[in-house]
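One structure is given below, encoded as structure tokens.
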Number of protein chains: 2
Amino acid sequence: MFKRILIAEDHETQNISLQKTLTELGTEKPEYVFYCDDALTWIKNAVKAGQPYDLLITDLYFEEDHNRQKIMGGAELIKAAKEVQPNLKTLVFSGESKTAVIDSLFKEMHIDGYVRKARHDGQYLKLAIAAILNHKKYLSPDLKLARKENNSHDFSDLDIAIISQLVEGTPQKNIPYYLQENNIKPSGLSSIEKRLNLMKEVLGFSKNEQLIAYCKDIGII
Amino acid sequence: MFKRILIAEDHETQNISLQKTLTELGTEKPEYVFYCDDALTWIKNAVKAGQPYDLLITDLYFEEDHNRQKIMGGAELIKAAKEVQPNLKTLVFSGESKTAVIDSLFKEMHIDGYVRKARHDGQYLKLAIAAILNHKKYLSPDLKLARKENNSHDFSDLDIAIISQLVEGTPQKNIPYYLQENNIKPSGLSSIEKRLNLMKEVLGFSKNEQLIAYCKDIGII
DNA sequence: GTGAAACTTACGGGAAACCGTAGCAGGGCT
DNA sequence: AGCCCTGCTACGGTTTCCCGTAAGTTTCAC
């Protein structure tokens with residue numbers, strides 16, 4: 001079992017249960033912090049002291065409070081940590097279920113495991129740690145399923161830019177100016193109309209209001 | 001301290017840390033389930049056995065899986081539980097932060113406390129239980145803040161009907177027919193326009209799209 | 001270089017939404 | 001009753017949006 005594990009998780013209760021799970025697995029003193037900046041500091045100090053951590057377990061999203069932080073989320077933390085200690089194993093433990101986000105964690109951040117906060121997260125944490133001990137990657141099984149049922153329209157950057165502008169209150173006819181300023185192509189008014197029509201058609205909507213509500217529901221804005 | 005507490009929470013790790021918190025507070029054997037239907041069964045059995053629970057701690061949203069459930073969420077569970085045991089104290093522990101949702105829990109379901117899953121949720125759980133022991137209501141402080149900055153328009157039934165119709169895709173000009181059929185007055189097109197304008201003016205919006213997004217955020221639709 | 005295809009943009013007619021005004025109905029008051 | 005006040009509705013002009021068509025641009029193959 002890993003001897004030195006660091007937990008970065010802002011929710012107090014989640015942090016506690018992570019500690020409990022790890023002690024059950026045989027890590028005598030799992031260490032834990034509630035802020036990303038603290039996590040990085042501890043990792044640096046551990047490297048300096050010649051006793052680096054074996055594993056970092058971190059959440060993805062940390063809530064802001066009065067303590068201003070340089071590092072705002074788990075992805076940034078992992079990036080910074082790997083600069084200090086490239087061989088550090090990393091396990092992400094978060095409620096995020098969007099495949100695009102998780103895929104990029106594996107591909108770009110080279111994380112070793114991802115467990116979604118969900119029904120059987122305790123079991124899966126144990127399996128994940130076992131896998132990582134054997135230098136394998138791990139992804140909790142509830143996500144492998146979720147990946148398939150995704151038959152909805154996948155929104156491009158342009159789509160999201162258009163919808164965001166609508167939600168900001170920009171009149172449709174002014175959106176081309178915004179897109180030009182931000183070097184998003186295409187930027188013609190007709191293209192915007194066409195894009196909106198496409199999205200509404202795929203999803204079976206007739207009005208922008210429906211589209212906005214849908215996007216709010218699935219969380220892309 | 002409460003002697004008999006039932007936890008309904010589908011996330012394994014959250015469930016574990018709730019148990020731990022409660023034992024620290026002096027409840028010897030907090031009982032726990034992972035499904036709402038089980039929770040109701042246990043409550044019924046406890047009443048029959050003459051040893052009813054003192055407190056129910058429940059999440060709001062439960063994820064569906066292969067076990068088909070009759071009761072899908074915490075709100076329904078509370079309603080069903082109070083029919084069996086009206087004096088049951090209830091504490092909701094969830095990640096939900098929309099004020100409209102939480103307000104309705106207090107007003108309509110008469111819950112005794114709400115703690116949001118967030119940074120200091122462990123502390124707040126303890127405070128909540130202490131308050132409920134004294135027959136007081138409790139709301140975790142991170143939400144009190146959110147509530148004050150809320151100088152918003154309070155939405156009437158008419159407002160919500162109009163917005164709902166927009167989200168359904170009904171063209172504005174057809175909404176009068178819908179309102180007449182449902183005996184909602186006023187129902188004139190001008191009144192609808194006036195009402196939409198008022199809402200947007202109060203909230204500083206210029207377009208329906210903004211209004212829809214706002215209503216989704218605060219959870220009234 | 002030429003042409004075809006795909007994509008982007010421009011334009012114009014018609015529908016919907018927006019906005020101010022005026023007319024109408026009901027309630028309360030003298 | 002007569003009057004005022006309030007709120008609902010109806011109407012017309014302007015703006016925005018919707019949608020089909022046509023013209024321009026880029027890409028790629030031959």
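Model, not experiment: these values are computed from the prediction. What's counted below: heavy atoms across the whole structure, side chains too, no hydrogens, waters or symmetry copies. Naming: A, B, ... by sequence-line order, numbering from 1 per chain.
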Please write out each protein N/O paired with an N/O of nucleotides 24-27 of chain C under 3.5 Å, distance rounded to 0.1 Å.
none

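No side-chain donor from either of Lys82(A) and His110(A) sits under 3.5 Å from a side-chain acceptor of the other. Lys207(A) and Asn208(B) share no donor-acceptor pair across their side chains, judged by distance under 3.5 Å alone. Between the side chains of Thr41(B) and Asp38(B), not a single donor N or O lies within less than 3.5 Å of an accepting N or O.
For the pair Gln210(B) CD and dC18(C) P, the interatomic distance rounds to 12 Å; values are reported in whole Å. Per the geometry, CD belonging to Gln172(B) stands 12 Å off C1' belonging to dC17(D), to the nearest Å. Rounded to whole Å, atom C1' of dC18(C) lies 15 Å from atom CD1 of Ile162(B). Rounded to an integer number of Å, the gap from CG of Asn174(B) to C1' of dA16(C) is 10 Å. The distance from atom CG of Leu166(A) to atom P of dA17(C) is 15 Å, rounded to the nearest whole Å. What separates CD of Gln165(B) from C1' of dA17(C) is a distance of 17 Å, to the nearest Å. Regarding Leu179(B), its CG atom lies at a distance of 9 Å from the P atom of dT9(D), rounded to whole Å. Rounded to an integer number of Å, the gap from Glu201(A) CD to dC18(D) P is 15 Å.
Annotation: Asp157(B), atom CG; neighbour count of heavy atoms from other residues, nucleotides and ligands within 6.0 Å does not exceed 12.
A salt bridge links Glu9(B) to Lys117(B): one of the charged nitrogens lies within less than 4.0 Å of a carboxylate oxygen.
Look at Lys207(A) and you'll find a side-chain N or O under 4.0 angstrom from OP1 or OP2 of dA17(C).
For the ring pair (Phe, Tyr, Trp, His ring centres under 6.0 Å) condition, no pair includes a residue of residues 111-132 of chain A, sequence neighbours left out.
When each of Val115(B), Leu60(B), Asp59(B), Thr58(B) is paired with Phe93(B), the side chain to side chain contact (heavy atoms under 4.5 Å, CB included) condition holds for Val115(B) and for no other.
Judged by distance alone, with hydrogens and angles left aside, the side-chain atoms of Gln210(A) form a donor-acceptor pair with the main-chain N or O of Glu168(B) at under 3.5 Å. Under the 3.5 Å distance criterion, the side-chain polar atoms of Gln165(B) are left unmatched by any main-chain donor or acceptor of Tyr178(B).
For the segment residues 185-199 of chain A, the set of residues with a heavy atom within less than 4.0 Å of an atom of DNA chain D comprises Glu193(A), Asn197(A), in numerical order.
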